[in-house]
Amino acid sequence: MNIEMMSDVVLDVQNLSKRYGQLLAVNGISFSVRRQEIYGILGPNGAGKTTTLEMIETLRPIDSGTVILDGIDVRKEPKKVKRLIGVQLQSSAFFDKLTLVELLSLFGEMYGRRVDPLLLLDEVELRDKASSQAAQLSGGQKQRFSIAAALVNDPVVLFLDEPTTGLDPQARRHLWGVIKRIRSEGKTIVLTTHYMEEAEELCDRVAIMDHGKIITQSAPQLLIDDLISDGFKKERVERLANLEDVFLSLTGHSLREE
Ligand code: ATP
């Protein structure tokens, strides 16, 4: 990595480990994320993705290794790091009786910030739900709202843990669009997923994680190219479209969940 690339690194993780009793849930992983990148940690259930994110987010103690976020050591200065990051809360963490505008103002106050709730709702395409309560939102809308809540402190890095799990294909694609726009406005995004298609569509680079280790990391297309140049051939001829494409084509791309 040359000097120019290093200065571009906003998150640097080196030899990070976490043990739960006998289980080495995160086993000496290293990766770095560049500014304004969408970086995906891809892996099956139990691979160690959430544990990794929680250590970076200062929510879980680090057993060993270092994490530097925007030049700050997460172990040494966790409070400073908290101010620089946005963490997507699960929707159950919202007070059901408050409106979206009230909730965003409240979250802003927790950071000592005055926020413009409507601008944040624009960011996630929910302005029309400004006066609704969190409990009245659909699954996709709740996920988008939880991203707005994670943006109240104007974070440098936004962390999303399985942001589209449980969403239907249209809601998932809608959320991808929102995430891409947030990146284009200057944010760095680190997300976990176990959807291959999501990683391919959304992420500039991915780390593939299994049993606590990163097996490989690169741009999705480069990983695919490498596999093909190694002589890999699918047993069946690749289909030009899949069932999800049929569904989306029949129902219309522009149709979004209410
Ligand atoms: P998922 O997609 O299911 O959330 P993940 O890749 O995020 O999976 P983790 O939640 O980080 O994986 O879990 C990694 C391993 O550590 C799993 O085997 C899990 O059972 C275990 N684990 C997670 N949290 C704890 C804990 N607090 N105590 C003990 N074991 C834990």
Side-chain angles (χ1 to χ4, degrees), residues 10-33 37-69 73-75 78 81-82 85-94 139-140 142-147 149-150 155 157-169 171-176 178-179 188-220 223 244:
V10 72
L11 172 65
D12 188 42
V13 174
Q14 293 296 329
N15 298 315
L16 187 65
S17 291
K18 180 79 194 178
R19 182 182 283 282
Y20 298 118
Q22 292 295 313
L23 177 74
L24 203 47
V26 177
N27 187 358
I29 63 167
S30 301
F31 63 95
S32 51
V33 179
E37 196 168 35
I38 301 180
Y39 191 90
I41 303 176
L42 177 66
N45 291 128
K49 307 179 298 294
T50 301
T51 303
T52 299
L53 277 202
E54 287 178 350
M55 285 192 282
I56 298 169
E57 294 162 350
T58 78
L59 299 176
R60 200 171 280 276
I62 293 171
D63 280 2
S64 62
T66 53
V67 178
I68 309 290
L69 193 141
D73 189 322
V74 169
R75 277 172 117 173
V81 169
K82 278 197 179 102
I85 63 174
V87 176
Q88 185 184 19
L89 296 170
Q90 293 311 309
S91 46
S92 55
F94 299 127
K142 274 188 188 147
Q143 288 293 70
R144 298 209 303 282
F145 179 66
S146 67
I147 292 179
V157 185
L158 179 63
F159 292 96
L160 307 174
D161 195 2
E162 303 201 351
T164 66
T165 293
L167 299 187
D168 65 55
R172 179 169 299 149
R173 272 168 202 263
H174 190 179
L175 199 78
W176 292 348
V178 165
I179 293 170
T188 305
I189 294 159
V190 179
L191 60 87
T192 68
T193 183
H194 53 249
Y195 297 116
M196 305 295 155
E197 192 209 356
E198 177 159 287
E200 213 178 315
E201 165 72 27
L202 198 56
C203 299
D204 302 304
R205 289 189 304 140
V206 293
I208 297 183
M209 207 171 166
D210 198 23
H211 298 299
K213 287 194 165 173
I214 290 180
I215 305 163
T216 186
Q217 52 186 314
S218 189
L223 291 173
E244 189 177 335

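For ligands, and for the atoms within them, numbers begin at 1 and follow the listed sequence.
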Exercise for review: Please test Gln88 against Ser146 for side-chain hydrogen bond (donor to acceptor under 3.5 Å, both in side chains), starting from the C-alpha separation and ending with a verdict.
Suggested key: CA-CA 6 Å; Gln88 185 184 19; Ser146 67; 2.8 Å; yes
Check your understanding: In terms of atom number and element, which parts of ligand 1 are under 4.0 angstrom from non-hydrogen atoms of Glu162?
Key -> 2 (O)
**Study point:** Protein heavy atom at shortest distance from atom 12 (O) of ligand 1
**Key:** Gly48 N, 3.2 Å
**Study point:** Which residue and heavy atom of the protein sit nearest atom 9 (P) of ligand 1, plus the separation
**Key:** Thr51 OG1, 3.6 Å
**Study point:** For atom 14 (C) of ligand 1, the option (of Pro44, Gly46, Gly212) bearing the nearest heavy atom
**Key:** Gly46
Exercise for review: Consider every N or O of Ala47 and every N or O of ligand 1, then say whether any pair is closer than 3.5 Å.
Suggested key: yes
Point to revise | Contact check: Thr52 vs ligand 1, nitrogen or oxygen atoms, below 3.5 angstrom | key: no
Check your understanding: Gly43 near ligand 1, heavy-atom distance under 4.0 Å?
Key -> no
Review point. Should Leu23 be counted as touching ligand 1, given the test is an N or O pair under 3.5 Å?
Key: no
Check your understanding: Looking at residues at least two apart in the chain, or sitting in another chain, which of them share a salt bridge (Lys or Arg N to Asp or Glu O under 4.0 Å) with Asp204?
Key -> Arg183
Review point. Numbering the atoms of ligand 1 from 1, which are under 4.0 Å from a heavy atom of Arg60?
Key: 27 (N)
Review point. Among protein heavy atoms, which lies nearest atom 23 (C) of ligand 1, and at what distance?
Key: Tyr20 CE1, 3.4 Å
Exercise for review: Just jot down the salt bridge (Lys or Arg N to Asp or Glu O under 4.0 Å) partners of Arg19, sequence neighbours excluded, or say none.
Suggested key: none
Check your understanding: Hey, is ligand 1 close enough to Thr50 that some N/O pair sits below 3.5 Å?
Key -> yes
